[in-house]
Protein chains: 2
Amino acid sequence: MAPVIRPEGEGLSRSYVRPCLLLLLAEGPSHGYELLEQVRQAGVRNADAGGLYRTLRAMEQAGWVSSWWEPSQAGPARRSYMLSDEGRQALVESLEAMREVHRMLGAMLDRYDVVAPAEVSPASVASR
Amino acid sequence: MAPVIRPEGEGLSRSYVRPCLLLLLAEGPSHGYELLEQVRQAGVRNADAGGLYRTLRAMEQAGWVSSWWEPSQAGPARRSYMLSDEGRQALVESLEAMREVHRMLGAMLDRYDVVAPAEVSPASVASR
DNA sequence: CCCGATTAGATGTAGCCTACATATACCAGG
DNA sequence: CCTGGTATATGTAGGCTACATCTAATCGGG
């Protein structure tokens, strides 16, 4: 019943899958499997393949991307995705939110420095 | 079935409630109601009171904080919380994760600048 | 003195989502 | 033929979010 307390997993949480997909697709069209690897590389470790495909379809439902089947010489056909104008708008808004989170996280990290015990030598301050 | 696509709400997501509580309690003991306001002020807009109290109890279960009742001159009694040594350790780990997220977000934001259309005048670049 | 507002904490719950398992299909190499 | 990598998709248990509701004490105002 009570929320489980666990150490925050490595990397970005999966709530960043959506903004990340928008950003990656802004760099050019791509397909799910490749996006999965890029999303992982961008920081969402262990991004879930099933969830990613579902997210892409939901983004299509929302009108943020359009998709089409594309045959592949080596391997099964791929569904490629392209960012729409609405998607680009969603990306801009998403980035605004990310900037806000970035700023707030910075504020929290700075705030910790005030109460942080000096764990190493004072020289560590200079080396930052 | 498919994940709902919605504009990311304002401020930090509620997954930051836990790290934020650790940080706030590192500054000194406090009670739920006050922590709620501080958590909101720190960026988690509309933090849920019910969830916050449950989180605090879960953190106590995990041994990160200890609590005791404290009578109040004005208003009902409060349950005050104090960070334990384990909690301080959890904070250090949590901050490490937050630094990572901060860094990765920065990388994503920088990455956007490469593909971003120049929306205003080139002077806007200089003013950054 | 009673009432509503505020402070303070806690519980109940619908349904969204995460996380993991599973299914399908194509191709290449041994 | 069988295994492993590529590629997409569905199924589902249970955790968690988000919102509603409840208790209870104090204070200001009428």
Side-chain angles (χ1 to χ4, degrees), chain A residues 1-21 24 29-40 44-62 65-81, chain B residues 1-21 24 29-40 44-62 65-81:
Chain A
M1 215 57 82
V4 175
I5 301 292
R6 40 175 180 180
E8 330 284 334
E10 292 296 307
L12 297 174
S13 94
R14 299 192 186 179
S15 60
Y16 288 102
V17 166
R18 229 133 43 204
C20 195
L21 285 174
L24 291 170
S30 186
H31 57 97
Y33 194 83
E34 188 177 57
L35 288 166
L36 178 63
E37 289 179 341
Q38 292 181 312
V39 160
R40 283 177 172 156
V44 190
R45 318 256 175 256
N46 311 112
D48 175 49
L52 183 127
Y53 288 118
R54 269 191 276 246
T55 299
L56 282 169
R57 305 310 293 272
M59 286 167 69
E60 188 167 26
Q61 290 290 311
V65 298
S66 54
S67 77
W68 65 95
W69 281 105
E70 205 159 286
S72 168
Q73 297 89 323
R78 303 154 168 174
R79 184 184 287 278
S80 284
Y81 290 89
Chain B
M1 213 59 81
V4 176
I5 301 291
R6 40 176 180 180
E8 330 284 334
E10 292 296 307
L12 296 175
S13 93
R14 299 193 186 176
S15 60
Y16 288 101
V17 166
R18 231 134 41 206
C20 193
L21 284 174
L24 290 169
S30 188
H31 57 97
Y33 195 83
E34 188 178 57
L35 288 166
L36 178 63
E37 287 180 342
Q38 291 181 313
V39 160
R40 283 177 172 156
V44 190
R45 318 254 175 258
N46 310 113
D48 175 49
L52 184 127
Y53 288 120
R54 271 192 274 245
T55 298
L56 283 169
R57 304 311 293 271
M59 287 167 68
E60 187 167 27
Q61 291 290 310
V65 298
S66 54
S67 76
W68 65 96
W69 281 103
E70 205 158 286
S72 168
Q73 296 90 322
R78 305 154 168 174
R79 185 184 287 277
S80 285
Y81 290 89

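Just so it is clear, the values below take in all heavy atoms, side chains as well, and ignore hydrogens, waters and symmetry mates. A note on names: the letters A, B, ... follow the listed sequences, proteins ahead of strands, and every chain is numbered from 1.
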Taking side-chain contact (heavy atoms from CB on, under 4.5 Å) as the definition, give me every residue that meets it alongside [X], ordered by chain and number, with sequence neighbours left out.
X       : value
B/Glu37 : B/Tyr33
A/Glu34 : A/Ser30, A/His31, A/Gln38
A/Ser13 : A/Ser15, A/Tyr16

Rounded to the nearest angstrom, tell me the gap between atom [atom1] in [X] and atom [atom2] in [N].
X       : N      : atom1 : atom2 : result
B/His31 : D/dA24 : NE2   : P     : 21 Å
B/Trp69 : D/dA24 : CH2   : P     : 12 Å
B/Asn46 : D/dA18 : CG    : P     : 9 Å
A/Glu70 : D/dT6  : CD    : C1'   : 15 Å
A/Leu56 : D/dT8  : CG    : C1'   : 11 Å
B/Gln38 : C/dT7  : CD    : P     : 15 Å
B/Glu60 : C/dG9  : CD    : C1'   : 13 Å
A/Leu36 : D/dT6  : CG    : P     : 11 Å

### Query
What does nucleotides 20-30 of chain C look like as a protein-contact string, B for base, S for sugar-phosphate only, - for none, at under 4.0 angstrom between heavy atoms?
B----BBS---
### Query
With sequence neighbours excluded, what pairs up with B/Arg40 under the side-chain hydrogen bond (donor to acceptor under 3.5 Å, both in side chains) test?
none
When you check the phosphate oxygens OP1 and OP2 of [N], does a side-chain N or O of [X] lie under 4.0 Å from one of them?
X       : N      : answer
A/Arg57 : D/dT10 : no
A/Tyr53 : D/dT8  : yes
B/Arg78 : D/dA25 : no
B/Tyr33 : C/dG9  : no

### Query
With B/Arg57, which residues qualify under salt bridge (Lys or Arg N to Asp or Glu O under 4.0 Å), at least two apart?
B/Glu60
### Task
Check whether more than 12 heavy atoms from other residues, nucleotides or ligands sit under 6.0 Å from atom CD of A/Glu70, and answer yes or no.
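Count over threshold, so yes.
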### Task
Return the minimal non-hydrogen interatomic distance between A/Leu56 and A/Val65, and the atom names on each side.
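Looking at all heavy atoms of both residues, the closest pair is O-CG2, 3.9 Å.
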